[in-house]
Asker: 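One structure, pasted below without further comment.
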Amino acid sequence: MLDGDRPAEFGYDGSVEDVYYTLERRLAEACGISTGELNVQLARSRNDLDAGVFRMILREQVLAVLDALTSAGAVLLDRADAYADTVIIGYTHRRPAQPTSIGHALAGYAEALAGQAQAYLDLLHELNRSPLGSCAFAGTDLDIDSGRLAELLGFDEVIVNSYEAVAGADHLMRNGTLNAQALATGARLARTLMDWLSWEWVVTPPDFTQGSSIMPQKRNPVVLEHLVSMAGATAADAASVLNNVGAAWWEDSNNATTDVQVRLWDSNDRAQRFFSLLDGLFQQLEPLRTPTAEQIVRSGATTTAAADALARHGVPFRGGHSIVGRLVREGEPGTWTPEKVRAAADAVGVQEGVTEAAIADLIDAANRPELVLRRAQPDGPGQDAVRAQVRLLRGSFERVEARTRELRQRIRAAEATLAAVVTETAGR
């Protein structure tokens, strides 16, 4: 009956209090009766109507965020699989640490995304519970069917307690903080990618850069900078939601419900755009000039593998660590010889296990960073291990996508049923 109405185009002339009274008046006009003859507010309050409408709006927004996230995750896994054998230097505390691969690093972020996807799915389950029928907060003596109403609006169930249905705001805080958490993690990846681009380990994607206004050679990866800023703004939105909810009473209060909606809507819009941008960026991400074996060796990143080589031959770990530490102080791994290794072992007082075979393995490990690709540890950077991680994580994303499709189907089916019920009722 009011399908053609566009609430944003309503003229608010002050003759009614808010959007609900405006809709009531429009419905009366459409029916050709006065508002006094309507039962629109029968067993309803603005309190439970607000709570229900907000949940339905957030439900659609979070579904859109989840779509963008899972799409980005799928592209990311494609890249992790493709570059599982592309060796780079892994960093800790901004210093060269150990060899790894582009695939290993990207699969690591994909695992974080998979966890976030599950968290958004859990949030959707929490959002998709109906508060309608709670009225102001204490329900009604009228014989209503809250379960049927929930079903017609695509909700999975009715909230257990009518007071919580109106006063509760945990789902609102969880929405804001989940966005802040997810984007903060993505911002960390964005900062790392800025380093990779600066070092020319990966291609600078032309669609995600900005030219200089004066320097012809510049291609600035500004989208990555904006992603970091977007994460900061989302954290501010979450803080605003938490502050407003915390400033409210444990009852219906605009502070904790209505007044936080704009911040959540902005936050969800930003989260969707964030993951969509990452999706596009990942599609263009490919290696350019990754570090050579010599560069990796010179960085010192292979020295942990060298110490581990001694441990495999029975050298006590701390002793092997001391031997390699002394060698590092004397020169780069490329300069190490059996004689230098034996001298370092003598200097630190370690002889047990320092055999010719152990020394040969130490020097080999120190000078062949590509050996990391053979590592069998299931969660490690070995190329077979990374590709197995990709398969496992792909299954996780696919399960989340299947659940979101099911939810959408239930919502659309409910909309069709509701439309049929309205048509039937109007025809009586």
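As a basis for the values below, the full set of heavy atoms in this structure was taken, side chains included, without hydrogen atoms, waters or symmetry mates.
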Asker: Going by side-chain contact (heavy atoms from CB on, under 4.5 Å), Met173 matches just one of Leu264, Asn244, Val241, Val260. Which one?
Answerer: Val241
Asker: Using a strict 4.0 Å threshold on nitrogen-to-oxygen distance, state whether Asp78 and Arg394 make a salt bridge.
Answerer: yes
Asker: Using only atom types and a distance under 3.5 Å, with no angle test, would you say the side chain of Thr303 pairs donor to acceptor with the backbone of Ala306?
Answerer: no
Asker: Dump the intermediate steps for salt bridge (charged side-chain N to carboxylate O under 4.0 Å, His left out) on Asp269 and Arg273, then the final yes or no.
Answerer: CA-CA 6 Å; Asp269 175 68; Arg273 289 186 289 115; 3.1 Å; yes
Asker: Side-chain contact test, heavy atoms from C-beta onward, threshold under 4.5 Å: evaluate it for Arg55 versus Pro131 and give yes or no.
Answerer: yes
Asker: For a salt bridge (charged side-chain N to carboxylate O under 4.0 Å, His left out) check, start with the C-alpha distance between Arg368 and Asp364, then their side-chain angles and the critical distance, and finish with the verdict.
Answerer: CA-CA 6 Å; Arg368 295 180 61 196; Asp364 191 49; 3.3 Å; yes
Asker: Cation over ring, Arg94 on Tyr91, under 6.0 Å and within 45°?
Answerer: yes
Asker: Quick check for you: to the nearest 0.5 Å, what is the distance between Arg405 atom CZ and Glu398 atom CD?
Answerer: 8.5 Å
Asker: Of all the heavy-atom pairs spanning Ala345 and Gln351, show the shortest one and how long it is.
Answerer: O-NE2, 4.0 Å
Asker: Is the side chain of Thr425 donor-acceptor paired with the backbone N or O of Val421 at a distance under 3.5 Å, no angle test?
Answerer: yes
Asker: How many angstroms lie between atom NE2 of His171 and atom CZ of Arg59, to the nearest 0.5 angstrom?
Answerer: 12.5 Å
Asker: Between the main-chain N or O of Gln181 and the side-chain N or O of Thr185, is there a donor-acceptor pair closer than 3.5 Å?
Answerer: yes
Asker: Could you walk me through whether Trp265 and Ile57 satisfy the side chain to side chain contact (heavy atoms under 4.5 Å, CB included) test, starting with their C-alpha distance in whole Å, then the side-chain angles of each, then the deciding distance to 0.1 Å, before giving a yes or no?
Answerer: CA-CA 9 Å; Trp265 299 346; Ile57 291 171; 3.5 Å; yes
Asker: Between Ser212 and Lys218, which heavy-atom pair has the shortest distance, and what is it?
Answerer: CB-CB, 3.5 Å
Asker: Should we say atom NE2 of His321 is surrounded by more than 12 heavy atoms from elsewhere, each under 6.0 Å from it?
Answerer: no
Asker: Using every non-hydrogen atom in the two residues, find where Ala256 and Leu172 come nearest and quote the distance to one decimal.
Answerer: O-CD1, 3.3 Å
Asker: Please tell me if the side chains of Leu58 and Gln261 come closer than 4.5 Å, counting only heavy atoms from C-beta onward.
Answerer: yes
Asker: Any non-hydrogen side-chain atom of Thr257 less than 4.5 Å from a side-chain atom of Asp50?
Answerer: no
Asker: Would Gln116 and Phe275 count as a side chain to side chain contact (heavy atoms under 4.5 Å, CB included) if you check the C-alpha gap in whole Å, the side-chain angles of each, and the deciding distance to 0.1 Å?
Answerer: CA-CA 12 Å; Gln116 292 161 14; Phe275 290 120; 4.1 Å; yes
Asker: Between Arg270 and Asp237, does at least one N-O distance fall below 4.0 Å, as a salt bridge requires?
Answerer: yes
Asker: Can you name the one residue among Ile88, Thr100, Val297 that meets side-chain contact (heavy atoms from CB on, under 4.5 Å) with Pro369?
Answerer: Val297
Asker: For the CG atom of Leu288 and the CH2 atom of Trp196, what is their distance to the nearest 0.5 Å?
Answerer: 13.5 Å
Asker: Any side-chain donor-acceptor pair under 3.5 Å between Asn220 and Thr209?
Answerer: no
Asker: Would Gln272 and Asn268 count as having a side-chain donor-acceptor pair, cut-off 3.5 Å?
Answerer: no
Asker: For Gln295, is the CD atom crowded, meaning more than 12 foreign heavy atoms sit under 6.0 Å from it?
Answerer: yes
Asker: Test side chain to side chain contact (heavy atoms under 4.5 Å, CB included) on Leu285 and Val203; report intermediate values, then the result.
Answerer: CA-CA 6 Å; Leu285 193 70; Val203 170; over 6 Å; no
Asker: Quick one: does Phe274's side chain get under 4.5 Å of Leu69's, heavy atoms only?
Answerer: no
Asker: Check the pair Arg408 / Asp67 against salt bridge (charged side-chain N to carboxylate O under 4.0 Å, His left out), numbers first and verdict last.
Answerer: CA-CA 11 Å; Arg408 273 207 169 89; Asp67 282 346; 2.8 Å; yes
Asker: Apply side chain to side chain contact (heavy atoms under 4.5 Å, CB included) to the pair Glu352 and Val315, showing each step before the final yes or no.
Answerer: CA-CA 6 Å; Glu352 180 186 353; Val315 178; over 6 Å; no
Asker: Using a 4.5 Å cut-off on heavy atoms from C-beta on, say whether the side chain of Pro338 contacts that of Ile363.
Answerer: yes
Asker: What I'd like to find out is whether the side chain of Trp336 reaches to under 4.5 Å of the side chain of Val328, using heavy atoms alone.
Answerer: yes
Asker: So that I can tick it off, tell me whether Asp266 and Arg263 are bridged by a salt bridge, with the cut-off set at under 4.0 angstrom between side-chain N and carboxylate O.
Answerer: yes
Asker: Is there a donor-acceptor pair under 3.5 Å between the side chain of Asp48 and the backbone N or O of Cys135?
Answerer: yes
Asker: Under 3.5 Å, is there a donor-acceptor pair between the side chain of Ser162 and the main chain of Phe137?
Answerer: yes
Asker: More than 12 non-hydrogen atoms from neighbouring residues, nucleotides or ligands closer than 6.0 Å to CZ on Arg412, yes or no?
Answerer: yes
Asker: Below 4.5 Å, heavy atoms only, C-beta onward: do Gln389 and His104 meet side chain to side chain?
Answerer: yes
Asker: Tell me whether the NZ or CZ atom of Arg219 lies within the 45° cone about the ring axis of Phe208 and under 6.0 Å from its centre.
Answerer: no
Asker: Once rounded to the nearest 0.5 Å, what's the spacing between atom CZ of Arg79 and atom CD1 of Ile102?
Answerer: 11.0 Å
Asker: Compute whether any side-chain donor of one residue and acceptor of the other, for Asp379 and Gln377, lie under 3.5 angstrom apart.
Answerer: yes
Asker: Which atom pair, heavy atoms only, marks the closest approach of Gly186 to Tyr109?
Answerer: CA-OH, 3.4 Å
Asker: Among Arg129, Arg410, Glu151, whose side-chain contact (heavy atoms from CB on, under 4.5 Å) with Asp156 holds?
Answerer: Arg410
Asker: Quick check: closest heavy atoms across Pro291 and Trp201, and the distance to 0.1 Å?
Answerer: CD-NE1, 3.3 Å
Asker: For Glu111, does the CD atom sit with more than 12 other heavy atoms under 6.0 Å from it, leaving out its own atoms?
Answerer: no
Asker: For Thr234 and Asn179, which I'm curious about, is there any donor-acceptor pair between the side chains at under 3.5 Å?
Answerer: no
Asker: Do Gln284 and Asp207 meet the criterion of a side-chain donor-acceptor pair at a distance under 3.5 Å?
Answerer: yes
Asker: From Ile89 CD1 over to Ser299 OG, what is the distance, rounded to the nearest 0.5 angstrom?
Answerer: 3.5 Å
Asker: Which atom pair, heavy atoms only, marks the closest approach of Ala107 to Leu393?
Answerer: O-CD1, 3.6 Å
Asker: Assess whether a salt bridge exists between Lys340 and Glu330, defined as any Lys/Arg side-chain N lying under 4.0 Å from an Asp/Glu carboxylate O.
Answerer: no
Asker: As an exercise, state the distance from CZ of Arg403 to CG of Asp122, rounded to the nearest 0.5 Å.
Answerer: 8.0 Å
Asker: Check whether any side-chain heavy atom of Thr290 lies under 4.5 Å from a side-chain heavy atom of Trp199, and answer yes or no.
Answerer: no
Asker: Regarding Arg342 and Glu356, does a basic nitrogen lie under 4.0 Å from an acidic carboxylate oxygen?
Answerer: yes
